[in-house]
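Lettering of chains follows the sequences in order, A, B, ..., and the numbering in each one begins at 1. Basis for what follows: all heavy atoms, side chains included, without hydrogens, waters or symmetry-related copies.
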Number of protein chains: 2
Amino acid sequence: MAATIRDVAQASGVHVSTVSRTFSAPHLVNPETRNRVLAVAEDLGYRPNRAARALTTGRTHNIGLIVADIANPFFPPLIKAAQAHARARDYHVFVADTDEDPQVEEELIQTLTKQVDGVLLCSPRLSNRAIERLHADVPFVVVNRRVKGMPTILMDVGHGARLAIEHMTGLGHRRIALVSGPSGSWTSGEMRAAATAMEGVDLVILGPNAPTEQGGLAVAADVIASGATGVLAYNDLVAIGLIEGLYERGVRVPDDVSVVGVDDIVSGRLNRPKLTTVAMPTAAAGRMAVDLLLQSVGDSATPTLATLETSLVVRESTGEVRQ
Amino acid sequence: MAATIRDVAQASGVHVSTVSRTFSAPHLVNPETRNRVLAVAEDLGYRPNRAARALTTGRTHNIGLIVADIANPFFPPLIKAAQAHARARDYHVFVADTDEDPQVEEELIQTLTKQVDGVLLCSPRLSNRAIERLHADVPFVVVNRRVKGMPTILMDVGHGARLAIEHMTGLGHRRIALVSGPSGSWTSGEMRAAATAMEGVDLVILGPNAPTEQGGLAVAADVIASGATGVLAYNDLVAIGLIEGLYERGVRVPDDVSVVGVDDIVSGRLNRPKLTTVAMPTAAAGRMAVDLLLQSVGDSATPTLATLETSLVVRESTGEVRQ
DNA sequence: GTGAAAGCGCTAACAC
DNA sequence: GTGTTAGCGCTTTCAC
């Protein structure tokens, strides 16, 4: 059995409270005693039990990170960044995957609340009502979704959509197709709003579509039928599927049609043609979400909204319109 | 503040132990009482505090999952599967990323041990000595690495390598290049051993190489110089980089050279040419690792070795040798 | 600066 | 079948 605080106390001839202090309030203990305790602790391989500590302090030093789908390439960079950032602040992170199921998500959060100081909700499927209810038990930060009065990280995909469309009109494209995502998606809504508001663009909206390669593949025929020469896809997966679908129908990218994705996942960089895309600041979002969460754990009454900028990465899937 | 066991006891007119029993040993309590307690608990939104429970039972119902790099596309399917499987068994999972740093890894495991019942180590960078030392404090399962006397999940990449090479020789390729991975890698060693043992193959080994797209890109010139017409790459990332590098040098895949990867990451399916690859059973490995871990938590004395089969997925990056 | 003691939320003997 | 009690490993008053 691993050493406990009592073992250390006994072995160093002080009482448990002194040992406790040397770890949680070192300045309160005589340097000499402190060093002795530290030496013994080192010797015994003692490490404070965080769970036991949590019982009295109310701080678990854990956070929960809930994403829709770990295997969706959009998430791993966010998870990685959030985890690294949390750990640098001495927090461990539970990660869980809801498989896009609201039921699972709610159940999950409930069993997690007691073990964490807060939860990071990434693109939750839960209703606002459910989120607000759960919020009574544990602090939240939501990413890419708006829930009133809740700390939020948004990625400004509307701006990215504008950049993408301007990029294409700059290349001479007039008729632009927006391949939208699932109907409930906040991101899709933002893209649509931004695109619709732009002037001098002959916009056609296609969708809703599944946010996957399949979704892109399936919409290829519609894109061709629409007569658009420029396409902004809901995300990179859709863009890649679409390019594939166009290719199968003898339409070349970027020669015949230009395609822009959203997210900047790894596959887009690896693919040929390399995908022009709206880069989402996923890593930054992960870090900032952790910061916001840790901060709102301290003082609960500060809902904040942070909007992170997106940018356009021009690669090979866009080109000048054919004469 | 959330309801505790005492609140429930008081509100339902029984003692805490009875409440405790209704949750952890329901059969020991009178159905009538049990229902009453359950109703009150539901009403109060009571959920047992798992951390507190762990303090007395010694079972946290958490596991740790440590991977080298969350953003490496090899891992997310494993993480996803392990997490889902664990949760189905009422376990939560901490996931952590060591960024390939042994120092970080060891420190991480140490702070995690008290909060988990066991740790899943995926392709650890730690020395065997360090692993064995840590093992005194917490059960482990290691994936794709051999540590004596430790429960292990291996993916039979040697078999996959044989399949890949046979596939290429079957297409008429005689001279085959093995683009190996980092020198310490168990996977790379297995591939090499399997390839070397094959007869009737004119094998040339290139490497070690970085396990990344860059590694593949950098080795392209050597592959061409080697005169090989078939290549087995350390993993898909390397294969994709290599194809890119060959392409830049005017060498076409599969027309001039056939390339096989290992892993079966998403990008390989999305890329053109779609990658022929040795599919690693990552999801199955994740699930099985959890099973093994949970089992070895029960009875500590059963180190087991499970070897999972790999398979060859033939897609578009391999073809008949040019006449 | 250090010790004593209570208590965090829960389980596990042991009584009855 | 249920109550009583001790205690898991730790922090935190409160004394001294």
Side-chain angles (χ1 to χ4, degrees), chain A residues 1-38 40-41 44-62 90 110-117 137-138, chain B residues 1-38 40-41 44-62 90 110-117 137-138:
Chain A
M1 193 56 196
T4 82
I5 199 173
R6 241 179 300 272
D7 300 326
V8 177
Q10 195 157 2
S12 46
V14 299
H15 276 241
V16 290
S17 43
T18 304
V19 178
S20 172
R21 279 184 208 109
T22 61
F23 285 94
S24 36
H27 59 279
L28 290 182
V29 33
N30 185 314
E32 200 175 314
T33 337
R34 192 201 307 156
N35 288 333
R36 185 154 39 91
V37 170
L38 250 21
V40 171
L44 266 43
Y46 169 76
R47 306 226 147 208
N49 180 326
R50 293 167 152 243
R53 177 180 281 178
L55 213 47
T56 52
T57 61
R59 288 277 160 275
T60 62
H61 268 247
N62 294 145
D90 200 24
Q110 286 180 346
T111 62
L112 223 42
T113 54
K114 297 289 206 338
Q115 297 191 79
V116 300
D117 295 340
D137 292 333
V138 64
Chain B
M1 194 55 195
T4 83
I5 200 173
R6 241 179 300 272
D7 300 327
V8 177
Q10 194 157 4
S12 45
V14 298
H15 276 243
V16 289
S17 45
T18 304
V19 177
S20 173
R21 279 183 209 109
T22 62
F23 284 95
S24 36
H27 59 280
L28 291 182
V29 32
N30 184 313
E32 201 175 314
T33 337
R34 191 202 308 156
N35 288 333
R36 184 153 40 90
V37 171
L38 250 22
V40 170
L44 264 46
Y46 168 76
R47 303 227 149 209
N49 180 326
R50 290 166 154 247
R53 177 181 281 180
L55 213 47
T56 53
T57 60
R59 288 276 161 273
T60 62
H61 269 247
N62 293 146
D90 200 24
Q110 285 179 347
T111 62
L112 222 42
T113 54
K114 296 292 207 337
Q115 297 191 78
V116 300
D117 294 340
D137 292 333
V138 65

**Request:** I would like to know whether A:T18 and A:R34 meet side chain to side chain contact (heavy atoms under 4.5 Å, CB included); could you show each step before the answer?
**Result:** CA-CA 8 Å; A:T18 304; A:R34 192 201 307 156; over 6 Å; no
**Request:** List for me each residue that meets side chain to side chain contact (heavy atoms under 4.5 Å, CB included) alongside A:V40, sequence neighbours excluded, and say none if there are none.
**Result:** A:V8, A:A11, A:S12, A:L44
**Complete:** Applying side chain to side chain contact (heavy atoms under 4.5 Å, CB included) to A:R47 and not counting sequence neighbours gives B:E107, B:Q110, B:T111, B:K114
**Request:** Identify, residue by residue, the members of residues 45-54 of chain A with a heavy atom below 4.0 Å from DNA chain C, and return them in order of residue number, or none.
**Result:** none
**Message:** Let's see if you can work this out: which of C:dC10, D:dG9, D:dG1 has an atom nearest to the side-chain heavy atoms of B:R6?
**Reply:** C:dC10
Expected rows: protein N/O vs nucleotides 12-16 of chain C N/O, under 3.5 Å:
| residue | atom | partner | partner atom | Å |
| --- | --- | --- | --- | --- |
| C:dA13 | N6 | B:R21 | NH2 | 3.4 |

**Fill in**
In this structure, CG of B:N30 is separated from CG of B:N35 (nearest 0.5 Å) by 9.0 Å
**Prompt:** Is a side-chain N or O of A:D7 found less than 3.5 angstrom from the main chain of A:T4, in a donor-acceptor match?
**Reply:** yes
**Request:** Name all pairs fulfilling the side chain to side chain donor-acceptor pair (under 3.5 Å) condition that reach into residues 48-61 of chain A, sequence neighbours left out, sorted by first residue then second.
**Result:** A:R50-A:D90, A:T60-A:D117
**Asked** In whole Å, what is the span from the CG atom of B:N30 to the P atom of D:dG3?
**Response** 11 Å
**Nearest heavy atoms of B:V14 and B:R36, plus distance in Å** = CG1-NH1, 4.2 Å
**Message:** With a 4.0 Å limit, can you tell me whether B:T33 has a side-chain N or O closer than that to the phosphate oxygens OP1/OP2 of D:dG1?
**Reply:** no
**Message:** Can you see if the side chain of B:R34 gets near the phosphate of D:dG1 - specifically, an N or O under 4.0 Å from OP1 or OP2?
**Reply:** no
**Asked** Closest nucleotide of DNA chain D for B:P31 versus for B:L55: which of these residues is on the 5' side?
**Response** B:P31
Between side-chain atoms of residues 19-27 of chain B and protein atoms elsewhere (two or more places apart, or another chain), which donor-acceptor pairs fall under 3.5 Å?
| residue | atom | partner | partner atom | Å |
| --- | --- | --- | --- | --- |
| B:T22 | OG1 | B:V19 | O | 2.7 |
| B:S24 | OG | B:S20 | O | 2.8 |

**Asked** On DNA chain C, nearest-nucleotide positions of B:V19 versus A:R36: which is more 5'?
**Response** A:R36
